[in-house]
Protein chains: 2
Amino acid sequence: MAGRDDTQTRLDAGEAEDTIGYKLRLAQILAFRGFEQRLTDHGRAPRYLGLLSVIRAHPGKPQSRIAEAVALPRSSFVTILDQLSADGLIERRPSTFDRRVNGIWLTPEGETVVAGLMQEAQRYEAEMTRGMSAEDIACGLRVLQKLIDNLS
Amino acid sequence: MAGRDDTQTRLDAGEAEDTIGYKLRLAQILAFRGFEQRLTDHGRAPRYLGLLSVIRAHPGKPQSRIAEAVALPRSSFVTILDQLSADGLIERRPSTFDRRVNGIWLTPEGETVVAGLMQEAQRYEAEMTRGMSAEDIACGLRVLQKLIDNLS
DNA sequence: GCGATTTTGTTTTACATCGAACAGTTCTGC
DNA sequence: GCAGAACTGTTCGATGTAAAACAAAATCGC
(Lines give C-alpha, C1' and ligand atoms only; values in the text may rest on other atoms or scores of the structure.)
Protein backbone atom coordinates (compact mmCIF):
# COMPACT_ATOMS: atom_id res chain seq x y z
CA MET A 1 0.00 0.00 0.00
CA ALA A 2 3.02 2.29 -0.37
CA GLY A 3 2.37 5.72 -1.89
CA ARG A 4 -1.31 5.60 -1.05
CA ASP A 5 -2.11 7.24 2.29
CA ASP A 6 -2.64 10.78 1.08
CA THR A 7 -3.04 12.68 4.30
CA GLN A 8 -3.52 16.36 3.74
CA THR A 9 -0.66 17.53 5.96
CA ARG A 10 2.84 18.37 4.81
CA LEU A 11 5.27 15.45 4.85
CA ASP A 12 7.64 15.68 7.82
CA ALA A 13 11.41 15.55 7.48
CA GLY A 14 12.10 12.64 9.81
CA GLU A 15 15.32 13.15 11.71
CA ALA A 16 15.72 16.69 10.38
CA GLU A 17 12.26 17.70 11.53
CA ASP A 18 13.40 18.74 15.01
CA THR A 19 16.34 20.79 13.85
CA ILE A 20 16.50 24.57 13.69
CA GLY A 21 18.32 24.50 10.37
CA TYR A 22 15.50 22.71 8.59
CA LYS A 23 12.60 24.66 10.05
CA LEU A 24 14.49 27.93 9.63
CA ARG A 25 14.86 27.36 5.91
CA LEU A 26 11.31 26.22 5.36
CA ALA A 27 9.82 29.09 7.34
CA GLN A 28 11.93 31.63 5.51
CA ILE A 29 11.03 30.36 2.07
CA LEU A 30 7.33 30.41 2.90
CA ALA A 31 7.50 33.85 4.50
CA PHE A 32 9.53 35.43 1.72
CA ARG A 33 7.48 34.01 -1.12
CA GLY A 34 4.20 34.77 0.59
CA PHE A 35 5.12 38.39 1.08
CA GLU A 36 6.38 38.81 -2.44
CA GLN A 37 3.36 37.18 -4.06
CA ARG A 38 0.95 39.31 -2.12
CA LEU A 39 2.52 42.45 -3.61
CA THR A 40 3.06 41.47 -7.22
CA ASP A 41 1.90 44.89 -8.37
CA HIS A 42 4.65 46.72 -6.48
CA GLY A 43 7.54 45.80 -8.77
CA ARG A 44 10.85 44.69 -7.34
CA ALA A 45 10.69 46.65 -4.10
CA PRO A 46 9.03 43.94 -1.93
CA ARG A 47 11.76 41.40 -2.67
CA TYR A 48 14.44 43.88 -1.63
CA LEU A 49 12.58 45.56 1.20
CA GLY A 50 15.06 44.46 3.84
CA LEU A 51 17.86 45.89 1.80
CA LEU A 52 15.97 49.12 1.23
CA SER A 53 15.30 49.39 4.93
CA VAL A 54 19.03 49.17 5.62
CA ILE A 55 19.65 51.94 3.11
CA ARG A 56 16.97 54.06 4.70
CA ALA A 57 18.50 53.60 8.15
CA HIS A 58 22.02 54.37 6.89
CA PRO A 59 21.85 56.83 4.01
CA GLY A 60 25.07 57.43 2.11
CA LYS A 61 26.86 54.26 3.19
CA PRO A 62 29.05 52.48 0.61
CA GLN A 63 27.65 49.60 -1.43
CA SER A 64 29.91 47.06 0.18
CA ARG A 65 28.78 47.90 3.70
CA ILE A 66 25.13 47.54 2.77
CA ALA A 67 25.68 44.36 0.80
CA GLU A 68 27.50 42.91 3.79
CA ALA A 69 24.60 43.86 6.08
CA VAL A 70 22.18 41.68 4.14
CA ALA A 71 24.76 38.96 3.42
CA LEU A 72 24.84 39.60 -0.33
CA PRO A 73 28.00 39.24 -2.44
CA ARG A 74 29.10 42.58 -3.85
CA SER A 75 28.82 41.28 -7.40
CA SER A 76 25.18 40.29 -6.94
CA PHE A 77 24.49 43.65 -5.40
CA VAL A 78 25.49 45.60 -8.50
CA THR A 79 22.64 44.28 -10.65
CA ILE A 80 20.12 44.80 -7.87
CA LEU A 81 21.15 48.42 -7.40
CA ASP A 82 20.99 48.96 -11.17
CA GLN A 83 17.37 47.81 -11.13
CA LEU A 84 16.34 49.74 -8.04
CA SER A 85 18.02 52.76 -9.54
CA ALA A 86 16.18 52.30 -12.84
CA ASP A 87 12.95 52.08 -10.82
CA GLY A 88 13.83 55.45 -9.29
CA LEU A 89 13.99 54.15 -5.73
CA ILE A 90 17.67 54.62 -4.94
CA GLU A 91 20.57 56.74 -6.09
CA ARG A 92 24.33 56.23 -6.21
CA ARG A 93 26.42 59.30 -5.37
CA PRO A 94 30.21 59.21 -5.52
CA SER A 95 31.78 59.73 -2.12
CA THR A 96 33.74 62.88 -1.52
CA PHE A 97 36.10 61.09 0.86
CA ASP A 98 37.00 58.01 -1.16
CA ARG A 99 36.85 58.02 -4.93
CA ARG A 100 36.27 54.26 -5.00
CA VAL A 101 32.99 54.22 -3.15
CA ASN A 102 29.44 55.06 -4.12
CA GLY A 103 27.18 56.22 -1.34
CA ILE A 104 23.66 54.82 -1.60
CA TRP A 105 20.64 56.99 -0.90
CA LEU A 106 16.89 56.59 -1.13
CA THR A 107 15.22 58.99 -3.54
CA PRO A 108 12.16 60.87 -2.23
CA GLU A 109 10.01 58.39 -4.15
CA GLY A 110 11.99 55.52 -2.67
CA GLU A 111 11.38 56.95 0.77
CA THR A 112 7.61 56.92 0.36
CA VAL A 113 7.57 53.49 -1.31
CA VAL A 114 9.62 51.96 1.48
CA ALA A 115 7.48 53.63 4.13
CA GLY A 116 4.35 52.18 2.55
CA LEU A 117 5.83 48.72 2.17
CA MET A 118 6.99 48.70 5.76
CA GLN A 119 3.37 49.05 6.81
CA GLU A 120 2.50 46.07 4.63
CA ALA A 121 5.36 44.20 6.24
CA GLN A 122 4.00 44.93 9.70
CA ARG A 123 0.60 43.59 8.68
CA TYR A 124 2.23 40.49 7.24
CA GLU A 125 4.25 40.10 10.40
CA ALA A 126 1.02 40.08 12.40
CA GLU A 127 -0.42 37.33 10.20
CA MET A 128 2.70 35.22 10.42
CA THR A 129 2.75 35.41 14.20
CA ARG A 130 -0.99 35.08 14.82
CA GLY A 131 -1.77 32.82 17.74
CA MET A 132 1.61 33.44 19.39
CA SER A 133 2.04 35.07 22.77
CA ALA A 134 4.07 38.25 23.05
CA GLU A 135 6.64 36.28 25.03
CA ASP A 136 6.98 33.70 22.28
CA ILE A 137 7.48 36.38 19.65
CA ALA A 138 10.10 38.09 21.78
CA CYS A 139 11.82 34.76 22.32
CA GLY A 140 11.75 34.06 18.60
CA LEU A 141 13.39 37.38 17.86
CA ARG A 142 16.01 36.76 20.50
CA VAL A 143 16.81 33.29 19.16
CA LEU A 144 17.07 34.53 15.58
CA GLN A 145 19.40 37.33 16.65
CA LYS A 146 21.58 34.89 18.55
CA LEU A 147 21.75 32.66 15.47
CA ILE A 148 22.85 35.62 13.38
CA ASP A 149 25.51 36.53 15.93
CA ASN A 150 26.82 32.99 16.14
CA LEU A 151 26.96 32.66 12.36
CA SER A 152 28.62 36.00 11.64
CA MET B 1 31.49 63.15 7.99
CA ALA B 2 29.02 60.81 6.27
CA GLY B 3 30.37 57.44 5.16
CA ARG B 4 33.25 57.55 7.61
CA ASP B 5 32.41 55.90 10.92
CA ASP B 6 33.44 52.37 10.02
CA THR B 7 32.33 50.44 13.05
CA GLN B 8 33.07 46.77 12.74
CA THR B 9 29.53 45.50 13.42
CA ARG B 10 26.95 44.66 10.81
CA LEU B 11 24.74 47.57 9.76
CA ASP B 12 21.28 47.30 11.32
CA ALA B 13 18.08 47.43 9.30
CA GLY B 14 16.39 50.31 11.10
CA GLU B 15 12.66 49.78 11.33
CA ALA B 16 12.94 46.25 9.92
CA GLU B 17 15.50 45.25 12.50
CA ASP B 18 12.91 44.16 15.06
CA THR B 19 10.84 42.11 12.66
CA ILE B 20 10.80 38.34 12.42
CA GLY B 21 10.69 38.45 8.63
CA TYR B 22 14.00 40.26 8.35
CA LYS B 23 15.93 38.29 10.94
CA LEU B 24 14.46 35.03 9.66
CA ARG B 25 15.81 35.65 6.20
CA LEU B 26 19.22 36.81 7.34
CA ALA B 27 19.66 33.89 9.72
CA GLN B 28 18.62 31.38 7.10
CA ILE B 29 20.99 32.71 4.47
CA LEU B 30 23.90 32.61 6.90
CA ALA B 31 23.03 29.15 8.20
CA PHE B 32 22.50 27.62 4.78
CA ARG B 33 25.62 29.07 3.20
CA GLY B 34 27.75 28.26 6.20
CA PHE B 35 26.71 24.63 6.19
CA GLU B 36 27.18 24.27 2.46
CA GLN B 37 30.60 25.88 2.40
CA ARG B 38 31.89 23.71 5.21
CA LEU B 39 31.16 20.62 3.13
CA THR B 40 32.30 21.63 -0.34
CA ASP B 41 33.86 18.22 -0.86
CA HIS B 42 30.55 16.39 -0.46
CA GLY B 43 29.02 17.34 -3.82
CA ARG B 44 25.42 18.47 -4.00
CA ALA B 45 24.09 16.47 -1.07
CA PRO B 46 24.57 19.13 1.66
CA ARG B 47 22.49 21.69 -0.21
CA TYR B 48 19.64 19.21 -0.54
CA LEU B 49 20.01 17.50 2.81
CA GLY B 50 16.59 18.58 4.05
CA LEU B 51 15.02 17.20 0.93
CA LEU B 52 16.96 13.95 1.23
CA SER B 53 15.87 13.63 4.83
CA VAL B 54 12.24 13.87 3.75
CA ILE B 55 12.81 11.14 1.19
CA ARG B 56 14.48 8.98 3.79
CA ALA B 57 11.55 9.41 6.17
CA HIS B 58 9.00 8.67 3.43
CA PRO B 59 10.46 6.25 0.92
CA GLY B 60 8.47 5.70 -2.25
CA LYS B 61 6.38 8.86 -2.07
CA PRO B 62 5.63 10.68 -5.34
CA GLN B 63 7.79 13.60 -6.47
CA SER B 64 5.03 16.12 -6.02
CA ARG B 65 4.43 15.22 -2.39
CA ILE B 66 8.11 15.56 -1.56
CA ALA B 67 8.51 18.77 -3.52
CA GLU B 68 5.55 20.20 -1.65
CA ALA B 69 7.08 19.19 1.69
CA VAL B 70 10.11 21.39 1.11
CA ALA B 71 8.15 24.14 -0.70
CA LEU B 72 9.80 23.55 -4.06
CA PRO B 73 7.96 23.97 -7.37
CA ARG B 74 7.63 20.64 -9.20
CA SER B 75 9.49 22.02 -12.19
CA SER B 76 12.52 22.98 -10.13
CA PHE B 77 12.42 19.59 -8.49
CA VAL B 78 12.93 17.69 -11.74
CA THR B 79 16.45 19.01 -12.32
CA ILE B 80 17.43 18.43 -8.71
CA LEU B 81 16.28 14.82 -8.82
CA ASP B 82 18.14 14.34 -12.10
CA GLN B 83 21.35 15.45 -10.39
CA LEU B 84 20.85 13.47 -7.20
CA SER B 85 20.02 10.47 -9.35
CA ALA B 86 23.17 10.97 -11.45
CA ASP B 87 25.13 11.15 -8.17
CA GLY B 88 23.66 7.77 -7.26
CA LEU B 89 21.89 9.02 -4.13
CA ILE B 90 18.25 8.55 -5.13
CA GLU B 91 16.21 6.48 -7.51
CA ARG B 92 12.92 7.00 -9.32
CA ARG B 93 10.68 3.93 -9.56
CA PRO B 94 7.36 4.02 -11.41
CA SER B 95 4.42 3.47 -9.11
CA THR B 96 2.37 0.33 -9.51
CA PHE B 97 -0.81 2.13 -8.45
CA ASP B 98 -0.64 5.23 -10.61
CA ARG B 99 1.25 5.23 -13.87
CA ARG B 100 1.76 9.00 -13.68
CA VAL B 101 3.82 9.00 -10.52
CA ASN B 102 7.43 8.18 -9.76
CA GLY B 103 8.15 6.96 -6.29
CA ILE B 104 11.40 8.37 -4.88
CA TRP B 105 13.77 6.14 -2.92
CA LEU B 106 17.22 6.54 -1.40
CA THR B 107 19.80 4.16 -2.82
CA PRO B 108 21.93 2.25 -0.30
CA GLU B 109 24.72 4.74 -1.00
CA GLY B 110 22.27 7.60 -0.53
CA GLU B 111 21.26 6.12 2.79
CA THR B 112 24.82 6.13 4.13
CA VAL B 113 25.60 9.58 2.71
CA VAL B 114 22.50 11.09 4.30
CA ALA B 115 23.22 9.37 7.61
CA GLY B 116 26.72 10.81 7.64
CA LEU B 117 25.58 14.30 6.69
CA MET B 118 22.90 14.28 9.37
CA GLN B 119 25.66 13.90 11.94
CA GLU B 120 27.43 16.89 10.43
CA ALA B 121 24.14 18.76 10.60
CA GLN B 122 23.78 17.98 14.29
CA ARG B 123 27.28 19.32 14.91
CA TYR B 124 26.48 22.45 12.94
CA GLU B 125 23.24 22.81 14.86
CA ALA B 126 25.21 22.80 18.10
CA GLU B 127 27.50 25.55 16.81
CA MET B 128 24.60 27.68 15.63
CA THR B 129 22.86 27.47 18.97
CA ARG B 130 25.90 27.77 21.24
CA GLY B 131 25.27 29.97 24.23
CA MET B 132 21.52 29.36 24.14
CA SER B 133 19.62 27.69 26.93
CA ALA B 134 17.67 24.52 26.23
CA GLU B 135 14.47 26.47 26.84
CA ASP B 136 15.41 29.09 24.28
CA ILE B 137 16.17 26.44 21.67
CA ALA B 138 12.86 24.71 22.35
CA CYS B 139 11.09 28.05 22.10
CA GLY B 140 12.84 28.79 18.83
CA LEU B 141 11.72 25.48 17.39
CA ARG B 142 8.17 26.09 18.57
CA VAL B 143 8.07 29.57 17.05
CA LEU B 144 9.46 28.38 13.73
CA GLN B 145 6.92 25.56 13.58
CA LYS B 146 4.10 28.00 14.31
CA LEU B 147 5.34 30.27 11.53
CA ILE B 148 5.32 27.32 9.12
CA ASP B 149 1.79 26.39 10.16
CA ASN B 150 0.53 29.93 9.80
CA LEU B 151 2.12 30.31 6.39
CA SER B 152 0.96 26.99 4.94
C1' DG C 1 -19.54 4.33 -19.59
C1' DC C 2 -17.75 8.90 -21.26
C1' DG C 3 -16.35 13.76 -21.83
C1' DA C 4 -14.46 17.47 -18.98
C1' DT C 5 -11.40 18.46 -15.28
C1' DT C 6 -7.49 17.59 -12.41
C1' DT C 7 -3.03 15.67 -11.36
C1' DT C 8 1.88 14.21 -12.40
C1' DG C 9 6.17 14.70 -14.38
C1' DT C 10 8.54 17.12 -17.91
C1' DT C 11 10.44 20.70 -21.25
C1' DT C 12 11.26 25.33 -22.37
C1' DT C 13 12.43 29.93 -21.49
C1' DA C 14 13.39 33.79 -18.61
C1' DC C 15 15.46 35.49 -14.62
C1' DA C 16 18.23 35.58 -10.26
C1' DT C 17 22.40 34.61 -8.02
C1' DC C 18 27.16 33.57 -7.37
C1' DG C 19 32.44 33.11 -7.94
C1' DA C 20 36.44 34.62 -10.40
C1' DA C 21 38.94 37.99 -12.65
C1' DC C 22 39.74 43.08 -13.46
C1' DA C 23 40.85 48.29 -13.18
C1' DG C 24 40.95 52.20 -10.32
C1' DT C 25 41.85 53.86 -5.72
C1' DT C 26 43.52 53.83 -1.07
C1' DC C 27 46.30 52.04 2.61
C1' DT C 28 50.62 49.98 4.73
C1' DG C 29 55.40 49.32 5.82
C1' DC C 30 59.42 50.87 5.19
C1' DG D 1 58.05 58.94 -1.37
C1' DC D 2 57.14 54.31 -3.15
C1' DA D 3 56.24 49.40 -4.09
C1' DG D 4 53.17 45.86 -2.59
C1' DA D 5 48.93 44.68 -0.38
C1' DA D 6 44.04 45.50 0.43
C1' DC D 7 39.60 47.47 -0.85
C1' DT D 8 35.61 49.07 -4.06
C1' DG D 9 32.64 48.61 -7.70
C1' DT D 10 32.17 46.22 -11.96
C1' DT D 11 31.91 42.68 -15.82
C1' DC D 12 31.57 38.08 -17.38
C1' DG D 13 30.54 33.21 -17.43
C1' DA D 14 28.31 29.40 -15.05
C1' DT D 15 24.75 27.62 -12.25
C1' DG D 16 20.27 27.60 -9.77
C1' DT D 17 15.53 28.57 -9.67
C1' DA D 18 10.89 29.60 -11.22
C1' DA D 19 6.56 30.33 -14.25
C1' DA D 20 4.12 28.75 -18.27
C1' DA D 21 2.87 25.35 -21.54
C1' DC D 22 2.51 20.33 -22.62
C1' DA D 23 1.42 15.12 -22.87
C1' DA D 24 0.00 11.15 -20.42
C1' DA D 25 -2.77 9.30 -16.95
C1' DA D 26 -6.28 9.33 -13.43
C1' DT D 27 -10.57 11.27 -11.43
C1' DC D 28 -15.08 13.47 -11.30
C1' DG D 29 -19.91 14.43 -12.67
C1' DC D 30 -23.42 12.83 -14.71
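This is a predicted model, so every value here is computed, not measured. Letters A, B, ... are given to chains in the order of the sequence lines, protein chains preceding strands, and every chain is numbered from 1.
Atom-to-atom, CD of B:Gln28 to P of C:dT17 comes out at 13 Å; the value is rounded to the nearest Å. We find that CD1 of B:Ile80 is positioned 14 Å from C1' of C:dG9, with the value rounded to whole Å. If you measure from atom CD of B:Glu36 to atom C1' of D:dT17, you get 14 Å, rounded to the nearest angstrom. When the P atom of D:dA19 is taken as reference, atom CZ of B:Phe77 falls 16 Å away, rounded to whole Å. Taking atom CD1 on A:Ile66 and atom P on D:dC7, their separation rounds to 19 Å, with Å as the unit. Rounding to whole angstrom units, CG of residue B:Asp98 and C1' of D:dA23 are separated by 15 Å. Between A:Leu84 atom CG and C:dA16 atom P the separation is 11 Å, expressed in whole Å. Taking atom CZ of B:Arg33 as the reference point, atom C1' of C:dC18 lies 9 Å away to the nearest angstrom.
Proximity of A:Gln83 to the phosphate of C:dC15: no side-chain N or O atom is located under 4.0 Å from OP1 or OP2. Contact check, A:Tyr48 against C:dA16: no side-chain N or O comes under 4.0 Å of OP1 or OP2. A sub-4.0 Å separation between OP1 or OP2 of D:dT10 and a side-chain N or O of A:Gln63 is present. A sub-4.0 Å separation between OP1 or OP2 of C:dC18 and a side-chain N or O of B:Gln37 is absent. Within the structure, every side-chain polar atom (N or O) of A:Ser75 is placed at least 4.0 Å from both OP1 and OP2 of C:dG19. The phosphate of D:dT17 has OP1 or OP2 within less than 4.0 Å of a side-chain N or O from B:Arg47. Using a 4.0 Å cut-off, some side-chain N or O of A:Arg99 falls inside it from OP1 or OP2 of C:dT26. Between D:dT17 and B:Arg74, no contact under 4.0 Å exists linking OP1 or OP2 to a side-chain N or O.
Map A:Thr79 and B:Ser76 each onto its nearest nucleotide of DNA chain D; the residue landing nearer the 5' end is A:Thr79. Both A:Pro73 and B:Gly103 sit near DNA chain C, but only B:Gly103 has its closest nucleotide nearer the 5' end. Positionally, the nearest nucleotide of DNA chain D for A:Arg100 lies more toward the 5' end than for the other of A:Leu81 and A:Arg100.
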Original post:
Step by step, would you call A:Arg92 with A:Ser85 a side chain to side chain donor-acceptor pair (under 3.5 Å)?
Top reply: CA-CA 8 Å; A:Arg92 287 185 248 227; A:Ser85 180; 5.4 Å; no

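Defined by atom type and a distance below 3.5 Å, a donor-acceptor pair is present between the side-chain atoms of A:Asp149 and A:Gln145.
For the pair A:Arg123 and A:Glu120, the salt-bridge criterion is met [side-chain N within less than 4.0 Å of a carboxylate O]. A salt bridge links B:Arg38 and B:Glu127; the closest N-O separation between the charged side-chain nitrogens and carboxylate oxygens is under 4.0 Å.
At a threshold of 4.5 Å between non-hydrogen side-chain atoms, the residues B:Leu49 and A:Tyr22 do not count as touching.
When heavy atoms are screened at a 4.0 angstrom cut-off, A:Val78 is found touching base atoms of the nucleic acid.
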